[in-house]
Amino acid sequence: MIEKASNISMKRKIFWTVFSSFLLVLIAALTIALVIMHNSYVSNEKTRLQQFTQNAAAEVNHLGLSFLAHNLINNQYRLTYIAKDGTVLFDNEGDTSTMENHFEREEIKEARLSGTGEGMRFSHTMETQTYYYAVKLDNDAILRAAVTTVSLLTVTAHMAVYFAVIIVFLGMISYLFAAWLANSIVKPLNEIDLNHPLCNDAYSEVQPFLRKIEKQQLQIESQLEELVSKNEEFLVITKSMTEGLLLLNRQGIILTVNKTARKIFNVSEDCIGKSILSIDRTNTYTQEFLLLDKKTKQKIVEIQKDGRDYQIRYNQIIVNNRIAGFALIVIDVTEKRRAERQRQEFTANVSHELKTPLQSIIGCAELIENGLVKNGDLEAFAGRIRSQGSRLVRLIEDIILLSRLDELHESMHETVSFNQITKEVFESIAHKAEEHHIELIKEGPDITYYGVYRYLYELIYNLCDNAVKYGKDQGYVKVITEETEKKIIIKVKDNGIGIPIEHQARIFERFYRVDKSHSRRMGGTGLGLSIVKRVVLFHKGKIKLESKEGVGSTFIVCFKKRLAADKTQEHAADTEEQNKE
């Protein structure tokens, strides 16, 4: 019913109202005019007939019946002379011998009593009406005159053509007038500027309506601004989210998807309006969750996609105790899982690495305690205990250092000379280098850097110590310093055995050894390169390896130039990056 009403045009309604009203008024006016004209005509005829009858009666009273016979044969009125007993003695239009007695006629009876009488009779056959007027004469005879007129219905029938022409002509005029009037009424309404309702020069009747529109527009604009603001905030928040976010309706159709989610599922914004199953058909958990009742409001599943681990949190959106939609949060837990695995491996490796020297120390101590060691062998056993104890101490110190670097522990920064550090490192490993006939070389200018001396020393020491351990006899270890406009570059280069390509991606992992037997034989802890990587990250630098098996290796460390005044350490901002590394 509402739809039908909405199809009614106001302009058309005004037009037909005016047009039909005009036609009805026209027809009514013509009808009234016809009735008035007919009544006026009849009234005039009656008046003339009465005057004629009175005059004729006066002449008959004076001249007698002979007046009628000589003077009224061709008169327009029918004149009848009726004797006292009702016998018709004269009629100018009929044969008196065949006429019946008129004694009982209405007008005759009235004339005998009051002197004059009148009557009207209608002929249905002829569709005419006859008016009679009678006057009593001096001799008590009656003189009656009659006139016949057409009825109103006959007049109307005769004038039907003229009425039709008038109605058609005036109807066309009324049609044009109604159309013009409808346009003129509707035009101001069509020209109303709804964006500025109160600025229109409209009818006073529509002013309350326009004021209401203005009020509603202000409310709508306010609500729209609030919605736009909230939508912008939502988009900014979701755009900056590291987690993927998808909002679905009750049928699982995607309403919103942020940039991270599009990247994870490798889709574009065109996926909005499509089913969630269309972007990830392999995941059956989604379909299962959409079919769950509202008692299960949340579910967490983990999937693997493109070599990475993701955790999907399904949440129902409940509005008015009904499920209005679903929110899916996709979290990349690859680094978390990797860190967990690394912690587990680190714990296992630490236990193993600590257990090995301790078992050796305990074994030697038990042999000495039980007197199973000869006096000549005591010195060798004591040396082994001291050696394994020293290895244990170095291992513990390296673990503590890594722990401090992992926690971004604040340390005293100072201006450090890489020439001075290199000199001290060379002095520490000189005896090892002499044993393998390896030459220690320093190249490049003396460069100062604002950092933690102890950490930078560990960096150079571990790189040089590894280069000596895995170097070739008669080889070399070079520490090369370079400086550019924005960077400080430290290179540690050797011509040793090199690192196979398949191991290069993992050498900075804790306790990872390319050659485990050789490393343990040389007394390594397996944490040296891990410490190097952490020291580089602590100073916001980068490290790169260039190595070829059988040719040698070059570790390249790059630091941004820093001034002594730049003491602020943005540790919190770097935590996530360092954990990923």
**Message:** Between Lys230 and Glu226 (salt bridge meaning N to carboxylate O under 4.0 Å), is one present in this structure?
**Reply:**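 Looking at Glu226 together with Lys230, the answer is yes, because their closest N to O distance falls below 4.0 Å.
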Using only atom types and a distance under 3.5 Å, with no angle test, would you say the side chain of [X] pairs donor to acceptor with the backbone of [Y]?
{"X": "Lys472", "Y": "Gly550", "result": "yes"}
{"X": "Asn495", "Y": "Gln474", "result": "no"}
{"X": "Asp465", "Y": "Tyr461", "result": "no"}
{"X": "Ser222", "Y": "Leu218", "result": "no"}

[X] versus [Y], closest heavy-atom pair with distance:
{"X": "Gly451", "Y": "Val416", "answer": "O-CG2, 3.9 Å"}
{"X": "Val267", "Y": "Cys271", "answer": "CG2-SG, 3.9 Å"}
{"X": "Leu545", "Y": "Ser547", "answer": "CD1-CB, 3.9 Å"}
{"X": "Leu459", "Y": "Val532", "answer": "O-CG2, 3.8 Å"}
{"X": "Val425", "Y": "Cys464", "answer": "CG1-CB, 3.9 Å"}
{"X": "Gly498", "Y": "Ser553", "answer": "CA-OG, 3.6 Å"}

**Message:** Which residues pass the side-chain contact (heavy atoms from CB on, under 4.5 Å) test with Arg211, not counting sequence neighbours?
**Reply:**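 In terms of side-chain contact (heavy atoms from CB on, under 4.5 Å), with neighbours along the sequence ignored, Arg211 is linked to Leu198, Gln207, Pro208.
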Sequence neighbours left out, what passes side chain to side chain donor-acceptor pair (under 3.5 Å) with [X]? Give chain and number order.
{"X": "Asp332", "value": "Arg308, Thr334"}
{"X": "Glu483", "value": "Lys561"}
{"X": "Gln420", "value": "Glu424"}
{"X": "Gln219", "value": "none"}

**Item:** Heavy atoms of other groups near Asp473 CG, more than 12 under 6.0 Å
**Value:**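 Atom CG in Asp473 is crowded, with more than 12 foreign heavy atoms closer than 6.0 Å.
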Answer whether the closest heavy-atom distance between the side chains of [X] and [Y] falls below 4.5 Å.
{"X": "Ile488", "Y": "Ile490", "answer": "yes"}
{"X": "Ile331", "Y": "Ile312", "answer": "no"}
{"X": "Val468", "Y": "Leu440", "answer": "yes"}
{"X": "Thr260", "Y": "Val330", "answer": "no"}

Give, for atom [atom1] of [X] and atom [atom2] of [Y], the distance between the pair rounded to the nearest 0.5 Å.
{"X": "Ile429", "Y": "Ile460", "atom1": "CD1", "atom2": "CD1", "answer": "10.5 Å"}
{"X": "Arg262", "Y": "Leu246", "atom1": "CZ", "atom2": "CG", "answer": "10.0 Å"}
{"X": "Lys432", "Y": "Lys469", "atom1": "NZ", "atom2": "NZ", "answer": "5.0 Å"}
{"X": "Phe326", "Y": "Ile254", "atom1": "CZ", "atom2": "CD1", "answer": "13.5 Å"}
{"X": "Lys491", "Y": "Glu482", "atom1": "NZ", "atom2": "CD", "answer": "4.0 Å"}
{"X": "Glu414", "Y": "Arg454", "atom1": "CD", "atom2": "CZ", "answer": "12.5 Å"}

**Message:** Testing the 3.5 Å rule here: is there a donor-acceptor pair between the side chains of Tyr449 and Thr481?
**Reply:** no
**Request:** Quick one: do Leu247 and Leu245 satisfy side chain to side chain contact (heavy atoms under 4.5 Å, CB included)? Show the steps, please.
**Result:** CA-CA 7 Å; Leu247 297 181; Leu245 175 65; 4.2 Å; yes
**Request:** Please assess Glu549 against Ile501 for the test side chain to side chain contact (heavy atoms under 4.5 Å, CB included), listing each intermediate value before the final yes or no.
**Result:** CA-CA 8 Å; Glu549 191 173 4; Ile501 187 69; over 6 Å; no
**Request:** Give the C-alpha distance, both sets of side-chain angles, the deciding distance and a yes or no for side chain to side chain contact (heavy atoms under 4.5 Å, CB included) between Phe555 and Ile507.
**Result:** CA-CA 12 Å; Phe555 288 87; Ile507 59 172; 4.0 Å; yes
**Prompt:** What pairs of residues pass the salt bridge (Lys or Arg N to Asp or Glu O under 4.0 Å) test when at least one of them lies in residues 433-447, not counting sequence neighbours?
**Reply:**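 For residues 433-447: Glu443-Lys478.
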**Request:** Fit a plane to each ring of His539 and Tyr455, take the angle between them on a 0 to 90° scale, and name the class: parallel (under 30°), tilted (30 to 60°) or perpendicular (over 60°).
**Result:**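 Correct class here is perpendicular.
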**Request:** Output, in order, the C-alpha distance, side-chain angles, deciding distance and verdict of side chain to side chain contact (heavy atoms under 4.5 Å, CB included) for Phe559 and Leu456.
**Result:** CA-CA 11 Å; Phe559 293 123; Leu456 295 174; 4.1 Å; yes
